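Keep in mind that this is a model prediction, so the values were computed, not measured. All ligand and atom numbering here is 1-based and tracks the order in the structure. Computed over heavy atoms, backbone and side chain alike; hydrogens, waters and symmetry mates excluded.
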Amino acid sequence: MNCLFCKIIAGEIPSTKVYEDDLILAFRDINPQAPTHILVIPKSHIPSVDGITAENSAVVAHIFETIPTIAAAEKLENGYRVVSNCGADAGQTVHHLHFHILGGKALSLEMA
Ligand code: 5GP
Ligand code: ZN
C-alpha cells in the first residue's frame, strides 16, 4: 500500500521512535509545530477518524491508554494537546489515522 505511515511502520522510511508495541507506534513529527510534537499511529491501516468502527476501535482505546505514558516520558507535566485532523477541511495530509501530541510550551488556540 502506498501509505507513508505504513512505510514508517515497516521500517522502509526512517523515523525517530519514542514508543512501540505490537499495536501502535509513536514517533517524532518531521516538522514539529511545538517543542514536543509526536505522532501516535495504529499499526493497522485506518484512513482517518472517519474510519473508526466498533470492529477496530480497540486500537484507538489502546492509543489513548498509552498517551499518558508517552506524555510522562516526554515530561509534559504542564499539559499537552491531542489532535487528529480528519479530511480536507481539517487539513489532513497523511491518510493513515494519527494523533498529534503537542506540548512543551503554552499552546495557542490554533493546532499548535
Ligand atoms: P496531518 O496534517 O495529516 O494531520 O499530519 C501529518 C503530519 O505528518 C504532519 O505534521 C507532518 O509534519 C508529518 N509528517 C509528514 N511526513 C512525515 C515523515 O516522513 N516523517 C515524520 N516523522 N513525520 C511526517
Ligand atoms: Zn497506512
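Within the 4.0 Å heavy-atom cutoff, His98 counts among the residues contacting ligand 1. At least one heavy atom of Gly91 sits less than 4.0 Å from an atom of ligand 1. Within the 4.0 Å heavy-atom cutoff, His100 counts among the residues contacting ligand 1.
Counting heavy atoms closer than 4.0 Å to ligand 1, residue Leu39 contributes side-chain atoms (C-beta onward) but none from N, CA, C or O. Counting heavy atoms under 4.0 Å from ligand 1, residue Phe99 does not touch it at all. The part of Leu4 lying near ligand 1 is the side chain, judged by heavy-atom distances below 4.0 Å.
Close approach of ligand 1 to Phe5 is summarised as follows: ligand atoms under 4.0 Å from at least one heavy atom of the residue are 8 (O). Of all the atoms in ligand 1, the ones that sit under 4.0 Å from a non-hydrogen atom of Thr93 are 1 (P), 2 (O), 3 (O), 5 (O), 6 (C). Atoms of ligand 1 lying under 4.0 Å from at least one heavy atom of Gln92, given by number and element, are 3 (O). Below 4.0 Å from some heavy atom of Phe27 lie the following atoms of ligand 1, by number and element: 21 (C), 22 (N).
Using modelled atom types, no side-chain atom of Glu12 and backbone atom of Lys7 make a donor-acceptor pair closer than 3.5 Å.
Taking distance alone, with nitrogen or oxygen atoms compared against 3.5 Å, Asn85 approaches ligand 1 more closely than that limit.
Closest approach between the Zn ion (ligand 2) and any N/O/S atom of His45 involves ND1. Atom ND1 is the N, O or S atom of His96 at the shortest distance from the Zn ion (ligand 2).
Between His100 and His37, the ring planes are tilted. Angles from 30° to 60° get that label.
Shown are Pro47, Ser44, Ser84; of these, the side-chain contact (heavy atoms from CB on, under 4.5 Å) with Leu97 is made only by Ser84.
Counting heavy atoms from C-beta outward, Ser48 and His96 have side chains that stay 4.5 Å or more apart.
Relative to atom 11 (C) of ligand 1, the option among Ile13, Asn31, Asp29 with the closest non-hydrogen atom is Asp29.
Annotation for Asp21: atom CG counts as buried by contact number, over 12 foreign heavy atoms lying within 6.0 Å.
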